[in-house]
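Everything on this sheet refers to the single structure shown next.
By convention here, the first residue in the shown sequence is residue 1.
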Amino acid sequence: QVQLVESGGGLVQPGGSLRLSCAASGSIFNINDMNWYRETPGKERELVALISNIGNTNYAHSVKGRFTISRDNAKNTVYLQMNSLQPEDTAVYFCKMDIMTITNPYRAMPYWGKGTLITVSS
């Protein structure tokens, strides 16, 4: 069984910064892509940032230049450094990892965290 736990959410003023973390635990064999998504009421969940197992990254246009995704493979953890936050960044942020487990080491399956709320407001 695999669990993903996010941390680092909260309230921040416009222009401020936050750093999200998401740690995976359980019977993990390997992790491919690690992702951050966000969701706001009335909108579909959108991909914010992605980092591959070899460190290639991709960002949504709306966050490019402000957010940075990184990973620590030894800790099975992905981070999202968010700078210059704006009210439109307010959302619930979810991490997602494509994980091969010890019992199924040949096929990566998606696992999601429960989400953490970021509120950008003065």
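Shown here for P14 and S121, the closest heavy-atom pair between the two residues is CD-C, 3.6 Å. Contact detail for M34 and N73: the closest heavy-atom pair is CE-OD1, 4.4 Å. Nearest heavy-atom pair, A91 versus T40, reported as atom, atom and distance to 0.1 Å: CB-CG2, 3.4 Å. Minimum interatomic distance between G15 and Q86 (heavy atoms only, all atoms of both residues): N-NE2, 4.1 Å. Across all their heavy atoms, E39 and K43 have their closest contact at CG-O, 4.1 Å.
Remark: Q3 CD is loosely packed, at most 12 non-hydrogen atoms of other residues, nucleotides or ligands lying under 6.0 Å away. The local environment of CD in Q1 is sparse, with at most 12 non-hydrogen atoms from other residues, nucleotides or ligands closer than 6.0 Å.
Using a cut-off of 4.0 Å between Lys/Arg side-chain N and Asp/Glu carboxylate O, E46 and R38 are scored as salt-bridged.
Put simply, the side chain of D98 never gets that close to the backbone of A108: no donor and acceptor are under 3.5 Å apart. For R66 (side chain) and S84 (main-chain N/O), a donor-acceptor pair under 3.5 Å exists by modelled atom type. With hydrogens and angles disregarded, a donor-acceptor distance shorter than 3.5 Å links the side chain of E6 to the backbone of G115. Of the possible donor and acceptor atoms, none in the side chain of R71 sits under 3.5 Å from a partner among the backbone N and O of I54. Looking only at distances, no side-chain donor or acceptor of T68 sits under 3.5 Å from a matching main-chain atom of Q81.
Atom CD1 of residue I31 and atom CE of residue M97 lie 5.0 Å apart, to the nearest 0.5 angstrom. Considering CZ of R19 and OG of S7, their distance stands at 9.5 Å, rounded to 0.5 Å. Taking CG of L11 as the start and CD1 of I118 as the end, the distance is 9.5 Å to the nearest 0.5 Å. Here I69 contributes atom CD1 and L80 contributes atom CG; the two are 6.0 Å apart, rounded to the nearest 0.5 Å. Between N30 atom CG and N53 atom CG the span is 6.5 Å, to the nearest 0.5 Å. Atoms OG and CG, from S52 and N58 in turn, are 10.0 Å apart once rounded to the nearest 0.5 Å.
Residue pairs satisfying the disulfide (SG to SG under 2.5 Å) criterion with at least one member in residues 67-122, sequence neighbours excluded, are listed as follows: C22-C95. Residue pairs meeting the disulfide (SG to SG under 2.5 Å) criterion with at least one member in residues 25-74, sequence neighbours excluded, do not occur. Judged as a ring pair (Phe, Tyr, Trp, His ring centres under 6.0 Å), not a single pair has a partner in residues 59-94 (not counting sequence neighbours).
The cluster map of Ile, Leu, Val, Met, Phe, Trp and Tyr, joined by side-chain heavy atoms under 4.5 Å apart, puts L117 and Y37 in the same cluster. A single hydrophobic cluster is not seen to contain both V92 and V120; linkage of ILVMFWY side chains at heavy-atom distances under 4.5 Å, directly or through other members, places them apart. There is a path of hydrophobic side-chain contacts, each under 4.5 Å, that joins M109 to V78. Under a hydrophobic clustering in which Ile, Leu, Val, Met, Phe, Trp and Tyr are joined whenever their side-chain heavy atoms come within less than 4.5 Å, directly or via other members, L20 and L85 fall into the same cluster.
Side-chain contact annotation: T101 with T103, donor-acceptor N/O pair under 3.5 Å present.
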Report task. Just do the side chain to side chain contact (heavy atoms under 4.5 Å, CB included) check on I102 and I28 with the steps written out, would you? Result -> CA-CA 6 Å; I102 292 172; I28 296 169; over 6 Å; no

Requested in this report: Evaluate side chain to side chain contact (heavy atoms under 4.5 Å, CB included) for D33 paired with I51, printing each intermediate quantity in order.
Outcome: CA-CA 6 Å; D33 292 350; I51 184 165; over 6 Å; no

Report task. Decide yes or no on side chain to side chain contact (heavy atoms under 4.5 Å, CB included) for I99 and L4, but give the supporting numbers first. Result -> CA-CA 11 Å; I99 297 175; L4 273 61; 4.0 Å; yes

